[in-house]
Amino acid sequence: MKVFEISVLLTLLAIGNVYAQQDTYTAAVLEYSPILSGISPTDNILKNSRAYVNYMINAKRQGVEIIVFPEDGLTGWDIGIENFDHVSTEVPDPSEKISPCIRTQHGNYSKFFVDLSCGARDQRIYAVVNLIESSYTHDKKKIYYNTNVAFDRTGAVIARYRKINLYDEPDHTVGDKSQVSTFETDFGVKFGTFICFDILFKYPAVNMLSDPTVTDIAYSVAWFSELPFFHSLSVQHGFAKSHGVNLLVAGMNNPAERNGGSGIYLHDGRIAETYLSGYRSSRLIIRQVPKIRARKDLSNTCQASSDTPRYTLEDVNFFRTKESDLSLYTFKSVDLNKKELSDTVCSKGNNFCCSFNISIDKARDIRPNYAYKLTAFFGVTKVSLTKTIGLRNCGLIACLNESESSCGGRHTQPLIGVTFKSISVRGNFDTKDFHGQPATLNFDMNPSTDYMYCTKTANDEQEISLSTTRPHNSLLTFGIVGRAFNHDDSAVRVISKANVNDVSIYLVLCISIFVYLVQNE
Ligand SMILES: *[C@@H]1O[C@H](CO)[C@@H](O)[C@H](O)[C@H]1NC(C)=O
Ligand SMILES: *[C@@H]1O[C@H](CO)[C@@H](O)[C@H](O)[C@H]1NC(C)=O
Ligand SMILES: *[C@@H]1O[C@H](CO)[C@@H](O)[C@H](O)[C@H]1NC(C)=O
């Protein structure tokens with residue numbers, strides 16, 4: 001018996017080592033359209049968690065080691081607070097390594113939560129699930145978090161991340177800004193996890209990645225796509241490429257409400273696979289992901305990433321998008337009759353400029369169905385009912401016609417009559433409290449991967465440039481999204497020259513008061 005146990009142990013250890021030694025691992029992400037047709041919210045969540053367990057079984061059969069589920073996939077996006085008690089659960093502190101599957105009495109764990117823990121345990125698979133967590137304040141008031149939970153192969157909770165950047169979710173409590181939610185796996189990869197809107201913020205996204213051993217991110221999302229700069233797949237690809245991380249994205253699917261877009265993005269800018277659909281649908285994506293020992297410093301590099309990604313795009317015309325409010329942006333029209341164009345656009349009222357070199361091939365007798373504009377913006381913009389964020393954007397963007405308010409719109413047909421033979425975009429950014437990333441999108445709703453992305457950093461300034469490596473004939477967006485975190489939550493405006501240098505104003509003010517006082521002595 002003893003000998004048997006030891007040999008089982010040795011075999012398990014050997015398997016563990018084999019996992020850790022391989023240079024790839026197998027990941028699954030689920031694009032999921034929640035079941036909301038049951039007789040009650042409790043019925044719905046049990047149906048959805050049963051579906052999740054079936055996806056775990058399916059994934060395990062295909063050799064998957066980690067599976068990621070989307071935000072709001074268990075409940076849908078708009079479940080009312082009156083139902084929270086029926087669809088929430090307590091979640092153990094990850095430091096206790098509790099498996100709710102075997103210690104059901106330890107906390108007030110809901111059945112769906114125990115079932116998910118048992119699913120991970122039965123399939124011996126890592127699983128990252130988004131749910132509504134119930135908790136109590138110090139004075140025993142009940143509160144709810146939008147939480148990601150990571151289960152290990154025994155069903156134990158090894159990470160618990162409470163969403164920091166809520167997106168119009170007034171019934172949820174904001175997660176602690178200082179939390180860094182990461183977990184290690186027996187296949188030798190260290191993951192971070194966060195949720196949806198979080199991807200645009202310093203806390204948690206940029207902060208988490210200040211640890212170079214966090215090489216992969218498990219990301220749950222229910223994104224509301226907005227053009228030209230904030231389409232789900234475009235933001236996801238830009239994030240992976242600019243940070244050099246593997247990004248596993250599971251998206252909640254409700255295309256009529258602008259929700260959808262999942263994928264597996266690799267650290268070198270390649271896209272392993274994406275999924276987007278114009279109809280309600282669910283899809284399990286399974287791909288090999290290369291292991292990275294430590295992330296590279298990308299502050300002075302050039303990376304190209306031409307490849308042949310696997311895209312599954314179904315009826316994208318039915319995938320709704322919305323146009324962002326670009327009324328404070330500065331525009332210049334692109335004359336599509338010109339063969340070569342070299343131009344600079346500066347954001348109104350400040351010294352933030354974007355430069356462009358574009359080479360155009362226009363068919364002589366076809367009238368293009370899109371107009372294009374060069375745009376620059378350095379300011380604060382509204383991104384939800386309650387949030388504003390600081391942005392520094394550069395881009396070549398598609399518009400329905402010459403009117404600026406039509407930019408970010410989509411016709412039902414792709415571009416005709418024009419090919420961009422080459423495009424280069426460049427901007428210079430103040431690196432303090434800043435993250436910049438590429439933002440590209442084609443008519444088929446996939447980002448472009450055929451461009452060189454370069455960064456040069458010196459003296460608190462970063463130059464970012466994107467240059468195509470092949471012609472593009474159906475572009476909607478080709479540019480850079482820069483996040484200026486220090487302007488978050490301030491009033492919507494173009495940042496004027498004065499604001500750019502707040503400190504110097506105070507200095508001038510102080511000196512003038514001083515001079516005034518001295519003169520009146
Ligand atoms: C556990 O949760 C249920 C349902 O939300 C609730 O009715 C019950 O009072 C809770 N029990 C404890 C001990 O918190
Ligand atoms: C555009 O081309 C000019 C001339 O070759 C070059 O100096 C400039 O850096 C280019 N700009 C961009 C944005 O690539
Ligand atoms: C541009 O397109 C928009 C949206 O289709 C339309 O409302 C507007 O009238 C058009 N403007 C011009 C100048 O054609």
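This structure is a prediction, so every number in the text was calculated from the model and none was measured. Every heavy atom of this structure was used, including side-chain atoms; hydrogens, water molecules and symmetry mates were not. Remember, it's 1-based here, ligands and their atoms both numbered in the order they're listed.
Atoms of ligand 2 found under 4.0 Å from any heavy atom of Asn357, numbered from 1 in the order shown, are 1 (C), 2 (O), 3 (C), 8 (C), 10 (C), 11 (N), 12 (C), 14 (O). Near Ser355, meaning under 4.0 Å from one of its heavy atoms, ligand 2 places the atoms 13 (C).
The aromatic ring centroids of Tyr279 and Phe318 lie less than 6.0 Å from each other. Proximity of the aromatic rings of Phe352 and Phe429 is defined here by a centroid distance below 6.0 angstrom, and this criterion is met.
The heavy-atom pair separating Thr388 from Ser490 by the smallest distance is OG1-O, 2.7 Å.
Residues Tyr370 and Asn401 bring no donor and acceptor atom of their side chains to less than 3.5 Å of each other.
Side chain of Asn44 to main chain of Gly38: a donor-acceptor pair is present (N/O by atom type, distance under 3.5 Å, no hydrogens or angles). Checked by atom type and distance alone, the side chain of Tyr219 pairs as donor or acceptor with a backbone atom of Cys196 at under 3.5 Å.
Contact shell of ligand 3 (protein heavy atoms, cutoff 4.0 Å): Leu400, Asn401.
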Please tabulate, one pair per line, all N/O donor-acceptor pairs under 3.5 Å involving side-chain atoms of residues 437-444, not counting sequence neighbours.
unit_1: Gln437; atom_1: OE1; unit_2: His435; atom_2: NE2; d: 3.4
unit_1: Gln437; atom_1: NE2; unit_2: Val235; atom_2: O; d: 3.1
unit_1: Thr440; atom_1: OG1; unit_2: Ser448; atom_2: N; d: 3.0
unit_1: Thr440; atom_1: OG1; unit_2: Ser448; atom_2: O; d: 3.4
unit_1: Asn442; atom_1: ND2; unit_2: Asn446; atom_2: O; d: 3.3
unit_1: Asp444; atom_1: OD1; unit_2: Asn446; atom_2: N; d: 2.9

